[in-house]
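Heads up: numbering here begins at 1 and tracks the sequence.
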Amino acid sequence: LALYYRTVNRVRENVEVDTTTRVQAVLLNNLETNYPATPREVMKYYNEIMQCYYNENHTEEELEKLGRHAMQLYDDELLANQTESQYLAKLKEEVQQYQESDAVISSAALASSTDVEYYTYEQREYAKIRCVYSIREKTSMKTVKELYLLRQDEEKHWKILGWEIYDDTPQQ
């Protein structure tokens, strides 16, 4: 009986419980040392950040950190459109609106790597990638389709230059 008790307690001591939240896991990624290598990987990480914004419980400090992580994925030209404090204030407002409307991103479907459109313009490398978001708002579902434009910087990192909503339904 003593041997059983000792064995069970030893097993319990060796089991580590991972209490890291999804938000904390996303924030643990150091983009300075572990920047995503492809446009698809950039968008995959960006979508993880967005799902943390709208789907997860987080503190105001964690939301600001998530916002700063997202900003590290943005091209300098996009960042020049507003200050960090303006961006974070707008982000907080948008997240609050989502929470009040009981909306969550139920899925984010990213185009396959073969569907990324690459091109060169004025000696800079660009990539276009599509993403489809399913958003549940209370009991209704809606789909938002966005086309992202990324540009490679001097360090060969793909950065989000902008995005737009697109509609791919055939015109009649």
Is the shortest heavy-atom distance from the side chain of [X] to the side chain of [Y] under 4.5 Å?
X      : Y      : answer
Glu61  : Lys65  : yes
Val26  : Leu66  : yes
Trp158 : Met43  : no
Glu64  : Glu84  : no
Met50  : Ile105 : yes
Tyr118 : Ile129 : no
Cys131 : Val144 : no
Glu125 : Lys156 : no

Ser134 side chain to Ser106 backbone, donor-acceptor under 3.5 Å: no
Sidechain-backbone polar pair: Glu41 side chain, Thr38 backbone, donor-acceptor under 3.5 Å: no
So, for [X] and [Y], which heavy atoms are closest and what is the spacing to 0.1 Å?
X      : Y      : value
Ala70  : Tyr53  : CB-OH, 3.2 Å
Ile135 : Ala103 : CG2-CB, 4.3 Å
Tyr148 : Trp163 : CD2-CB, 3.4 Å
Lys44  : Leu110 : N-CD2, 3.7 Å
Glu56  : His58  : O-CD2, 3.2 Å

Pairs meeting criterion ring pair (Phe, Tyr, Trp, His ring centres under 6.0 Å) with involvement of residues 85-117, two or more places apart: Tyr54-Tyr98, Tyr74-Tyr87
Starting at [atom1] of [X], measure out to [atom2] of [Y] and round the result to the nearest 0.5 Å.
X      : Y      : atom1 : atom2 : answer
Met141 : Ser107 : CE    : OG    : 6.5 Å
Leu149 : Glu117 : CG    : CD    : 10.5 Å
Arg130 : Glu146 : CZ    : CD    : 12.0 Å
Tyr35  : Gln72  : OH    : CD    : 8.5 Å
Thr143 : Asp167 : OG1   : CG    : 11.0 Å
Lys142 : Glu137 : NZ    : CD    : 5.5 Å

Side chain to side chain contact (heavy atoms under 4.5 Å, CB included) assessment of Ile49 paired with Leu73: CA-CA 11 Å; Ile49 292 171; Leu73 301 174; 4.1 Å; yes
Salt-bridge present (Arg22, Glu48; N to O < 4.0 Å): no
CA sep, side-chain torsions, deciding dist, call: Leu88, Arg68, side chain to side chain contact (heavy atoms under 4.5 Å, CB included): CA-CA 8 Å; Leu88 293 175; Arg68 287 187 186 96; 3.7 Å; yes
Considering residues, nucleotides and ligands other than [X], do more than 12 of their heavy atoms fall under 6.0 Å from its [atom1]?
X      : atom1 : value
Asn57  : CG    : no
Gln86  : CD    : yes
Tyr119 : OH    : yes

Asp76/Asp153 under side chain to side chain contact (heavy atoms under 4.5 Å, CB included): CA gap, chis, key distance, verdict: CA-CA 9 Å; Asp76 288 340; Asp153 68 7; over 6 Å; no
For Glu77, the option from Lys159, Arg124, Arg151 that meets salt bridge (charged side-chain N to carboxylate O under 4.0 Å, His left out): Arg151
